[in-house]
Amino acid sequence: MQPLPTMARLRRKVCVALFLFTLFIFGSLMGLRTLKPTDGFSDLAPGLELLPILGGRMSREATASPVQARPQGGNAKAVLSNSGPEGTIFYDVHIFYYTWYGSPHMDGKYIHWDHILVPHWDPKVASSYPRGKHMPPEDIASSFYPELNSYSSRDPDVLESHMEQIGASAAGVLVLSWYPPGLADDNGEPAEDLVPAVLDAAYRHSLKVAFQIQPYRGRNDQTLHDNIKYIIDRYGDHGAFYKFTSSTGKSLPLFYIYDSYLTPPESWSEFLTPTGSHSVRGSPYDSMFIALIVEERHKHDILAGGFDGMYTFFASNGFSFGSSHQNWKAIKAFCDGNNLLFIPSVGPGYIDTSIRPWNNHNTRNRVNGRYYETALQAALNVRPEIVTITSFNEWHEGTQIERAMPKKTVTRVYLDYQPHGPEHYLELTRRWAEQFNKEKQQWLM
């Protein structure tokens with residue numbers, strides 16, 4: 001047999017090589033098609049837009065005014081995601097936000113960073129722990145230290161950084177801790193005048209603002225009715241004012257009522273049921289009212305009081321019935337059976353010993369983010385419509401996802417996010433927000 005000429009042999013080798021390469025590509029494509037979505041994180045890069053679950057993506061002209069006309073009831077579309085300056089954000093991920101911090105530069109003194117060491121209610125226990133106040137800036141009322149230092153909530157640069165960080169986390173709604181004008185918590189100063197600046201800053205980043213009404217002295221069903229009128233009249237037309245759009249297309253403001261159990265359900269029902277003596281239902285101020293569930297019995301009180309749903313707030317798993325992940329399935333079933341929203345709250349950890357030195361038993365270690373991921377997965381397992389994050393910047397209780405930095409002083413070594421960077425918990429939040437919305441699309445199918 002005569003050997004093939006050189007060109008013929010070469011041609012044959014090329015044909016064989018092309019055939020094997022084609023076979024490899026075909027096999028790879030078929031293999032990729034058989035892969036299933038993972039049960040963990042979304043593999044999408046931050047900023048890659050996901051399709052919203054319902055309706056179209058909201059668009060906004062760069063020159064639009066922050067003040068817009070209110071949506072008219074059933075004509076409003078359910079818009080659950082949007083492209084902001086920091087990437088896709090999701091309006092079904094809400095994050096608790098605090099404006100109670102002050103510094104000498106902006107406020108003439110430190111506010112909240114110098115929080116007192118709260119004494120235990122039992123004098124015998126209290127006597128075993130230190131008393132006094134923190135001394136910023138080296139000694140602040142937190143176990144972590146902010147990358148922005150002991151800042152003022154009134155600093156426009158701080159506010160802008162906060163909105164950028166919240167946008168980076170993909171949370172679309174910041175839930176502002178709110179006291180009426182002239183009122184504050186025992187360690188703070190009135191800050192209601194900051195609301196317009198928060199709304200404007202949120203608007204620039206395509207974020208929305210909801211309100212968590214704090215249990216100020218004298219709060220009851222009547223004063224809350226007055227508060228709701230004040231907030232809606234004053235801020236309801238702002239482009240960043242959050243409205244929840246139900247499955248029926250109805251669009252209403254949403255309010256979280258912290259420590260709602262302090263007022264009996266008989267009083268709440270006067271405000272929240274259609275037959276109440278000063279009912280808000282059907283009025284221009286009708287809204288979604290979300291109560292706090294702490295003890296198991298509260299779910300019945302919440303239903304009797306006329307609330308629209310319940311949230312758990314606390315980031316310490318096991319601290320209360322409501323904050324215990326193992327109870328969420330039962331709470332969700334109760335809510336589903338009574339046409340209520342269940343909004344679980346998750347946090348990256350919990351440590352408040354900088355202000356409650358006797359409360360070490362409620363500390364929850366972050367375990368480099370694994371505690372947070374466990375909580376987020378527990379929330380997704382009950383298929384909620386909304387998930388809340390506790391918190392963006394509650395530094396006293398160590399629940400913040402705001403950027404923190406390592407810091408060591410003569411007397412203190414602060415906790416930090418190492419071996420990860422300052423953005424670690426913002427990044428985790430974004431990945432899980434994307435996963436939450438991917439899964440919601442599957443639920444609806």
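Ion pairing of Glu189 with Lys109 is present here, as a side-chain N (NZ or NE/NH1/NH2) and a carboxylate O approach within less than 4.0 Å. In summary, Asp92 and Lys440 engage in a salt bridge, as defined by a charged side-chain N under 4.0 Å from a carboxylate O. Between Arg154 and Asp193, at least one side-chain N (NZ, or NE/NH1/NH2) sits under 4.0 Å from a carboxylate O, which counts as a salt bridge.
Taking the side chain as every heavy atom from C-beta outward, Arg366 and Leu415 never approach each other to under 4.5 Å. A 4.5 Å side-chain heavy-atom check between Val413 and Lys408 finds at least one atom pair inside the cut-off. At a threshold of 4.5 Å between non-hydrogen side-chain atoms, the residues Trp121 and Val125 do not count as touching. Counting only heavy atoms from C-beta outward, the side chains of Gln222 and Glu270 never approach each other to under 4.5 Å. With a 4.5 Å cut-off on side-chain heavy atoms, Phe241 and Pro253 count as touching. Using a 4.5 Å cut-off on side-chain heavy atoms (C-beta onward), Leu159 and Thr99 make no contact. Between Pro422 and Met405 there is no side-chain heavy-atom pair separated by less than 4.5 Å. Contact of the Phe255 side chain with the Ile228 side chain is registered, since non-hydrogen atoms from C-beta on lie closer than 4.5 Å.
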### Task
Decide yes or no on ring pair (Phe, Tyr, Trp, His ring centres under 6.0 Å) for His162 and Tyr151, but give the supporting numbers first.
CA-CA 11 Å; His162 283 177; Tyr151 57 74; 4.9 Å; yes
#### Entry: Trace of the ring pair (Phe, Tyr, Trp, His ring centres under 6.0 Å) decision for Phe319 with Phe314
CA-CA 8 Å; Phe319 169 71; Phe314 300 109; 5.0 Å; yes
### Message
Test salt bridge (Lys or Arg N to Asp or Glu O under 4.0 Å) on Arg403 and Glu164; report intermediate values, then the result.
### Response
CA-CA 11 Å; Arg403 291 197 291 255; Glu164 176 269 321; 3.5 Å; yes
### Task
Tell me, with the steps shown, if Asn187 and Ile116 meet side chain to side chain contact (heavy atoms under 4.5 Å, CB included).
CA-CA 8 Å; Asn187 293 277; Ile116 66 165; 3.6 Å; yes
### Query
What do the steps show when you test Met163 against Leu174 for side chain to side chain contact (heavy atoms under 4.5 Å, CB included), and what is the final call?
CA-CA 9 Å; Met163 299 305 124; Leu174 67 93; 3.5 Å; yes
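Side-chain polar atoms of Thr388 and Ser345 form a donor-acceptor pair below 3.5 angstrom. A donor atom on one side chain and an acceptor atom on the other are found under 3.5 Å apart for Asp259 and Tyr261. Side chain to side chain, Gln441 and Asn437 fail the donor-acceptor criterion of an N or O pair below 3.5 Å. For the residue pair Glu192/Trp178, the side-chain donor-acceptor check at 3.5 Å is satisfied. A donor atom on one side chain and an acceptor atom on the other are found under 3.5 Å apart for His94 and Tyr256. No hydrogens or angles considered: a donor-acceptor pair under 3.5 Å links the side chains of Ser391 and Thr399. No side-chain donor from either of Thr263 and Asn220 sits under 3.5 Å from a side-chain acceptor of the other. Neither side chain, Glu394 nor Thr390, offers a donor N or O lying under 3.5 Å from an acceptor on the other. For the residue pair Asp155/Tyr101, the side-chain donor-acceptor check at 3.5 Å is not satisfied. In this model, a donor atom of one side chain and an acceptor atom of the other lie less than 3.5 Å apart for Asp185 and His112. A side-chain donor from one of Thr223 and Tyr216 sits under 3.5 Å from a side-chain acceptor of the other. Under the 3.5 Å distance criterion, with hydrogens and angles disregarded, no donor-acceptor pair is assigned to the side chains of Asn362 and Asp352. Using modelled atom types, one finds a donor on one side chain and an acceptor on the other under 3.5 Å when comparing His238 with Asp200. The closest side-chain donor-acceptor pair between Thr409 and Glu138, if any, does not fall under 3.5 angstrom. With hydrogens and angles left out, the side-chain atoms of Glu427 and His420 include no donor and acceptor closer than 3.5 Å. If you check the side chains of Asp114 and His134, you find no donor sitting under 3.5 Å from an acceptor. Side-chain contact, Glu439 with Gln435: a donor N or O sits under 3.5 Å from an acceptor N or O. Side chains of Tyr417 and Asn368: a donor-acceptor N/O pair is absent below 3.5 angstrom, by distance only.
Here the side chain of Arg219 pairs a donor or acceptor atom with the backbone of Ile213 at under 3.5 angstrom. In terms of modelled atom types and a separation under 3.5 Å, the side chain of Ser169 and the main chain of Ile166 share a donor-acceptor contact. In this structure, Lys243 contributes its side chain and Gly236 its backbone to a donor-acceptor pair below 3.5 Å. Counting only distance, with no hydrogens or angles, the side chain of Arg430 and the backbone of Gly167 share a donor-acceptor pair below 3.5 Å.
Checked against the 6.0 Å centroid threshold, Phe90 and Phe436 do not count as a close aromatic pair. Ring to ring, Phe289 and Phe271 are close: their centroids are under 6.0 angstrom apart.
In terms of heavy atoms, Phe342 sits closest to Cys335 at CB-SG, 3.7 Å. Between Ala379 and Val387, the shortest heavy-atom contact is CB-CG2, 4.3 Å. Taking both residues in full, the closest heavy atoms of Ser269 and Ala304 are given as CB-O, 3.8 Å, listed atom of the first, atom of the second, then distance. Phe392 and Gln400 get closest at one heavy-atom pair: O-CB, 3.3 Å. Heavy atoms only, all atoms of each residue included: Ser260 and Phe307 are closest at CB-CZ, 4.1 Å.
Figure legend: Lys407 and Tyr414 shown without cation-pi pairing, the cationic atom not lying both under 6.0 angstrom from the six-membered ring centre and within 45 degrees of its axis.
Taken to the nearest 0.5 Å, the OG atom of Ser323 stands 9.5 Å off from the CG atom of Leu292. Here CG of Leu176 is found 8.5 Å from CG of Leu194. Values are rounded to the nearest 0.5 Å.
Between Tyr372 and Tyr425, the two ring planes are tilted [angle within 30° to 60°]. Under the 30°/60° scheme for interplanar angles, the aromatic rings of His396 and Trp100 are found to be tilted.
In this structure Glu402 satisfies the salt bridge (charged side-chain N to carboxylate O under 4.0 Å, His left out) test with no other residue, sequence neighbours excluded. For the salt bridge (charged side-chain N to carboxylate O under 4.0 Å, His left out) test, residues two or more places apart in sequence or in another chain that qualify with Arg297 are Glu295, Asp301. When the side chain to side chain donor-acceptor pair (under 3.5 Å) test is applied to His225, the partners found at least two apart in sequence or on another chain are His278.
By the neighbour-count criterion of 12 heavy atoms within 6.0 Å, atom NZ of Lys133 is sparsely surrounded, having that number or fewer from other residues, nucleotides or ligands. Surrounding CZ of Arg281 are more than 12 heavy atoms belonging to other residues, nucleotides or ligands, all under 6.0 Å away. Surrounding CD of Glu385 are at most 12 heavy atoms belonging to other residues, nucleotides or ligands under 6.0 Å away. The neighbour count for His361 NE2, taken as heavy atoms of other residues, nucleotides or ligands under 6.0 Å away, is above 12. The local environment of CG in Asn339 is sparse, with at most 12 non-hydrogen atoms from other residues, nucleotides or ligands closer than 6.0 Å.
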